[in-house]
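Have a look at the structure below, then the notes.
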Amino acid sequence: MVKNLLIVESPAKAKTIEKYLGKDFIVKSSIGHIRDLPEKGIGIDVEHDFAPTYEVSTDKKKVVAELKKLAKEAETVWLATDEDREGEAIAWHLLEALGVKESKTKRVVYHEITKSAILAAIENPRSIDKALVDAQQARRILDRLVGYELSPVLWRKVKPSLSAGRVQSVAVRLIVEREREVNGFNSVPFFKVDGLFNANSSNFHAELDKRYTNEEDALGFLTKIKGAEFTVRDLEKKPAKRSPSAPFTTSTLQQEASRKLSFSVLQTMRVAQGLYEKGDITYMRTDSVNLSQQAIDGAKAEIEKSFGPKYAETRQYKTKSSGAQEAHEAIRPTDFSAKEIAGHDSNEARLYDLIRKRTIASQMANAELEKTVITIGQNKTDDNFIATGEVIIFDGFLRVYSESDDDTEEQDNSETLPMVKAGDKVNFLEANATQRFPNSLPRYTEASLVKKLEALGIGRPSTYAPTISTVQKRGYVVKESREGTPRPYKVLTLKNGEIIAATKSENTGAEKSKLFPTDIGSVVTDFLVENFSEILDYNFTAQVEEEFDIIAEGKLSWTKMLHQFYNPFHATVVKATDVKKKTSGEKLLGQDANGKNVYAKIGRYGPMIQIGDFAEGEEETKAEDKPKYSKLRADQRMETITLEEALNLFKMPRKIGLFEDKEMAAGIGRFGPYIRHDSKFYSISKEDDVYTIDEARAIEVIKDKRQKEIEKTIKIIPHEPEIRILKGRFGPYFTMDKKNYKIPKGKEAADLTLEECMEIVKTEDAAPKKKGRFTPRKKADKK
DNA sequence: CAGTGAGCGAGCTTCCGCTTGACTT
């Protein structure tokens, strides 16, 4: 029999705390929430003050049964869940579900898992804060009402199985609106002028202090400064400093792991979970930048040992994000002296290294810099060239860590500037006027979306990764990479008194692992914004959070708040449901050659193009007048498709002619453009155009492919199904019934008999499938 | 590597936030 049962949320935490508390305590975990609203049905009695029905979650039945048994035996039950809204609610649900007397329980809280903090918490128990629990109930019930009332509207108006919610719908909206900004962005090019100079026998760059909107003006300037004399007009040196970033929260860890290690948000959390369970880092779902005193002391000792005392500068950071609950410390190593950690895979080691460096850097001195600005004038015009340089005087925290940035392009300030003074002459070597195209705001990555959501106070550390999965699972958003397209740009070069114009090429529009909205995502967003603008408002969460805070202070009843929210909200749901029409996101693209309307819309099977309309009213549409349909290709979007591209879809598949008495047709399929003949498919390479390819060329393509087949074939063994022995990229193999079989070493492919083949088939099919260590790459090959 | 309206009917889908394994491809 145990005297004390202490319950926390996380099993790993339970293990640590048990060590601190000794034999009088048994420490167990609830593994998160134990009770919730039922999954089926709304579970809220709206008519009676939103009375909720809570039930023990199916996967927690075992946990609750065990805790119940232990609680019965214990003298005191210590509810040591997190000190935030959700943690308080878990404590309350435990109290209700375990059936223990309130007098037998004590509520304890702490902000860090250190022995002193835990012991201090035990000395200062309190009772459950019911106002905070009510704030959680308001949050939970509001989310349920929004999610379970909005989603069915979408099932009726757009498509079954869709979903909407306070968090996910805003996340999708952000991506939809960013995509529209990117597509609507009009990049007006300009010319910037860069000069190359020499002073004290070293070369350096300086940029003209103005830009030109067109080539003529840029050329005019270069013409004017031909043969000019250049002198230093001004020299400015000023000290600057750079401060380290705060230690990691969940959101900033996800962002840096994305930039520095190319981890997805989900991957970061998985790897961090592994580190946490092994005891290498503190809890990884946190919104706090706070460090325990023990951690600060540990970091300081490590810094002084490794770099010397002048590199240490301890500090406590303030959490900036609104709505932070700060139940945990920042994410940090548990032991600062552990530079490398044993028994971990490389991803764990890399993430640990990132966390360790970031935390240590946060307790280090500022970097001290000297910024130099040299202004170079000339005797032909009033325009100046500006050279900027930066010299690190004292590296400070930069010695271990510098944060990456995904919004601005890397600027190169590393060039050393020559020692000059005002009035000095500098030698002009050349000047380049280069055409530049401004970029629109970038599309979101998983991590930059998390950053944006956090800034809006939407979502919590435990939900960032799942939210990103949800919006992709529902088909609202896809993560994609795209190859860019070449774009020409002009460069005018003034050198040796001559101006030369050249056209160069740069790659533009390339994207790597970015979030794109789908047509469904856009249509659903437009529908929700039109009908439920309040919920889709970027400030909705912030507003309700303010009310939750007032409830938590005991100054507002949670039922009153919900009434105020629900009555108008429910009215909008009823109104939107009453409208009979389905939402298809129909968009008129124009008219075809016969004057029929051409639409892009969402149909039963996804986005499509429709040509023609149904007859109005009673009149029956004649069969030959019925609209024609075509599905959009995978790379096409309703929002961006042109009339011409839409009409082209109806030209496919296109009859080309006859070959061996059978018809040939050209089309575009899942794997790109093809020619079909005698129910076989032949891919067309980039040199041919599916829209114009003719009979003669198509026959060539077919013959080519046949020739290659013959060259590949070593032997055909008649059998049912047929066995074909072929030459492959990885050596000879044979194929039967659409499956490929490797030919074992030591066998001559050409000599294989039917019996030998069947033997190989038998052993291969019986053998368990090898588990691939690597997932197959999506891109087969690129050239 | 197609098809493709709306309406009728049944029965299904869905939220956010807190935590881990137990599952299969």
Side-chain angles (χ1 to χ4, degrees), chain A residues 8-14 29-37 39-44 57 59-60 63 81-82 84-90 93 136 139-156 159-169 270 273 276-277 283 285 325 327 458-464 466-467 470 474 535 541 580-582 584 586 601-610 612-615 621 626-634 652-653 665-676 679-683 769 771-772 775-776:
Chain A
V8 296
E9 292 174 36
S10 152
K13 204 187 273 181
S29 58
S30 72
I31 321 181
H33 273 293
I34 51 154
R35 297 202 310 179
D36 193 12
L37 298 168
E39 255 183 78
K40 291 255 154 60
I42 200 140
I44 299 161
S57 321
D59 56 333
K60 297 297 165 54
V63 181
T81 48
D82 296 346
D84 59 15
R85 202 162 63 202
E86 298 296 327
E88 203 68 22
I90 293 175
H93 279 299
Q136 192 273 346
R139 197 281 304 156
R140 178 67 190 97
I141 292 167
L142 181 136
D143 280 339
R144 169 56 66 96
L145 290 169
V146 170
Y148 273 40
E149 291 212 359
L150 282 192
S151 301
V153 178
L154 295 180
W155 304 342
R156 299 181 60 152
K159 209 178 114 172
S161 304
L162 295 177
S163 66
R166 175 177 57 83
V167 173
Q168 59 169 281
S169 296
R270 271 205 199 126
Q273 178 88 28
Y276 167 65
E277 282 169 12
Y283 196 58
R285 288 186 277 264
Q325 311 232 344
I458 299 171
R460 304 278 311 129
S462 66
T463 61
Y464 296 137
T467 299
T470 301
R474 297 274 173 274
I535 310 291
T541 291
K580 285 279 175 289
K581 238 187 94 200
K582 274 216 169 197
S584 66
E586 184 175 286
K601 63 199 282 191
I602 294 223
R604 236 194 313 170
Y605 305 102
M608 61 174 186
I609 301 293
Q610 175 184 326
D613 295 274
F614 283 94
T621 310
K626 281 204 172 168
K628 286 192 291 174
Y629 301 95
S630 173
K631 199 172 149 182
L632 258 62
R633 289 201 321 253
M652 295 296 142
I668 296 171
R670 223 168 8 124
F671 311 120
Y674 65 86
I675 288 170
R676 195 171 65 179
S679 66
K680 282 199 186 77
F681 290 90
Y682 302 87
S683 288
K769 264 193 194 166
K771 263 194 185 171
T775 47

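Below, each value reflects all heavy atoms present in this structure, side chains not excepted, and no hydrogens, waters or symmetry copies. Reminder, nothing fancy here: chain letters follow the sequence lines and each chain counts from 1. Keep in mind that this is a model prediction, so the values were computed, not measured.
Here the C1' atom of nucleotide B:dC12 and the CH2 atom of A:Trp155 are 8 Å apart, to the nearest Å. Nucleotide B:dG17 holds its C1' atom 8 Å from the CD atom of A:Gln136, rounded to whole Å. In this entry the distance linking CG of A:Leu37 with C1' of B:dC18 reads 14 Å, nearest Å. As rounded to whole Å, 8 Å separates atom C1' of B:dT20 from atom NZ of A:Lys60. The CD-P distance, from A:Glu149 to B:dT13, rounds to 17 Å in whole Å. Note: OH (A:Tyr276) to C1' (B:dC18) measures 12 Å, nearest angstrom. With rounding to whole Å, A:Ile42 atom CD1 is found 14 Å from B:dC16 atom P. Note: CG (A:Leu150) to P (B:dT14) measures 15 Å, nearest angstrom.
Between A:Leu162 and A:Ile458, it is A:Leu162 whose nearest contact on DNA chain B lies nearer the 5' terminus. Closest-nucleotide positions on DNA chain B for A:Asp82 and A:Glu39 were compared, and the one nearer the 5' end corresponds to A:Glu39.
Enclosure of atom CZ in A:Arg474 by more than 12 non-hydrogen atoms of other residues, nucleotides or ligands within 6.0 angstrom is indicated.
A:Leu154 comes within 4.0 angstrom of nothing in the nucleic acid, heavy atoms only. Within 4.0 Å (heavy atoms only), A:Tyr464 reaches no atom of the nucleic acid at all. Looking at heavy-atom distances under 4.0 Å, A:Arg166 makes contact with sugar-phosphate atoms alone, never a base. Within the 4.0 angstrom heavy-atom criterion, no nucleotide atom of any strand lies near A:Asp59. A:Gly165 comes within 4.0 angstrom of sugar-phosphate atoms only, judged by non-hydrogen atoms across all strands, and of no base. As judged by a 4.0 angstrom heavy-atom cut-off over every strand, A:Gly87 is placed among residues making no nucleic acid contact. Among the protein residues, A:Ala89 comes within range of no part of the nucleic acid, since none of its heavy atoms lies under 4.0 Å from any strand. Base contact: A:Ser630 has a heavy atom under 4.0 Å from a base atom. Residue-level contact check: A:Tyr283 touches the backbone only, with heavy atoms under 4.0 Å from sugar-phosphate atoms and none from bases. A:Ser10 comes within 4.0 angstrom of the backbone, heavy atoms only, and of no base. Within the 4.0 angstrom heavy-atom criterion, no nucleotide atom of any strand lies near A:Gly43. A:Val146 comes within 4.0 angstrom of no nucleic acid atom, judged by non-hydrogen atoms across all strands. Contact annotation for A:Pro466: no contact, since no heavy-atom pair falls under 4.0 Å across all strands.
Here A:Thr463 does not reach the OP1 or OP2 of B:dC16: none of its side-chain N or O atoms lies under 4.0 Å away. Close to B:dT14, at under 4.0 Å from its OP1 or OP2, lies a side-chain N or O of A:Arg474. Phosphate proximity of B:dT4 to A:Gln610: absent, as no side-chain N or O sits under 4.0 Å from OP1 or OP2. Taking only side-chain nitrogens and oxygens, A:Lys628 never comes nearer than 4.0 Å to OP1 or OP2 of B:dG3. Checking the phosphate oxygens (OP1, OP2) of B:dC18, no side-chain nitrogen or oxygen of A:Arg285 falls inside 4.0 Å. Checking the phosphate oxygens (OP1, OP2) of B:dT13, no side-chain nitrogen or oxygen of A:Ser151 falls inside 4.0 Å.
Here the nucleotide nearest the side chain of A:Tyr148, chosen from B:dT19, B:dT4, B:dT14, is B:dT14. Closest approach to the A:Tyr629 side chain among B:dT20, B:dC16, B:dT4 is made by B:dT4 (side chain taken as heavy atoms from C-beta onward). Set against B:dT14, B:dC16, B:dT4, the side chain of A:Asp143 has B:dC16 as its closest nucleotide. Closest to the side chain of A:His33, out of B:dC15, B:dC16, B:dC18, is B:dC18. With distances taken from any side-chain atom of A:Lys626 to the nucleotides B:dC15, B:dC18, B:dG5, the minimum falls on B:dG5. Out of B:dT13, B:dT14, B:dT4, the shortest distance to the side chain of A:Lys40 is found at B:dT13. When distances are taken from the side chain of A:Ile31 to each of B:dT4, B:dT20, B:dG17, the shortest belongs to B:dT20.
Looking at A:Arg460, its side chain has no donor and acceptor atom pair within 3.5 Å of the base of B:dC18. Under 3.5 Å, the side chain of A:Arg139 and the base of B:dC16 form at least one donor-acceptor pair of N or O atoms.
A distance cut-off of 5.5 Å between ring centres, combined with a plane angle under 30°, places A:Phe681 in a stacking arrangement with the base of B:dC1.
Between atom NZ of residue A:Lys159 and atom CG of residue A:Leu154 there is a gap of 11.5 Å, rounded to the nearest 0.5 Å. Taken to the nearest 0.5 Å, the OG1 atom of A:Thr541 stands 9.0 Å off from the CD1 atom of A:Ile535.
Salt-bridge check for A:Asp36 with A:Arg140: passed, with a basic side-chain N closer than 4.0 Å to an acidic carboxylate O. Look at A:Asp82 and A:Arg285 and you find no salt bridge, because none of the NZ, NE, NH1 or NH2 atoms lies under 4.0 Å from a carboxylate O.
Of all the heavy atoms in A:Ile458 and A:Tyr464, the pair that sits closest is O-CE2, 3.8 Å.
Side-chain atoms of A:Thr81 do not come within 3.5 Å of backbone N or O of A:Val8 as any donor-acceptor pair.
Under the 4.5 Å side-chain criterion, counting only non-hydrogen atoms from C-beta, A:Glu9 is not in contact with A:Glu86.
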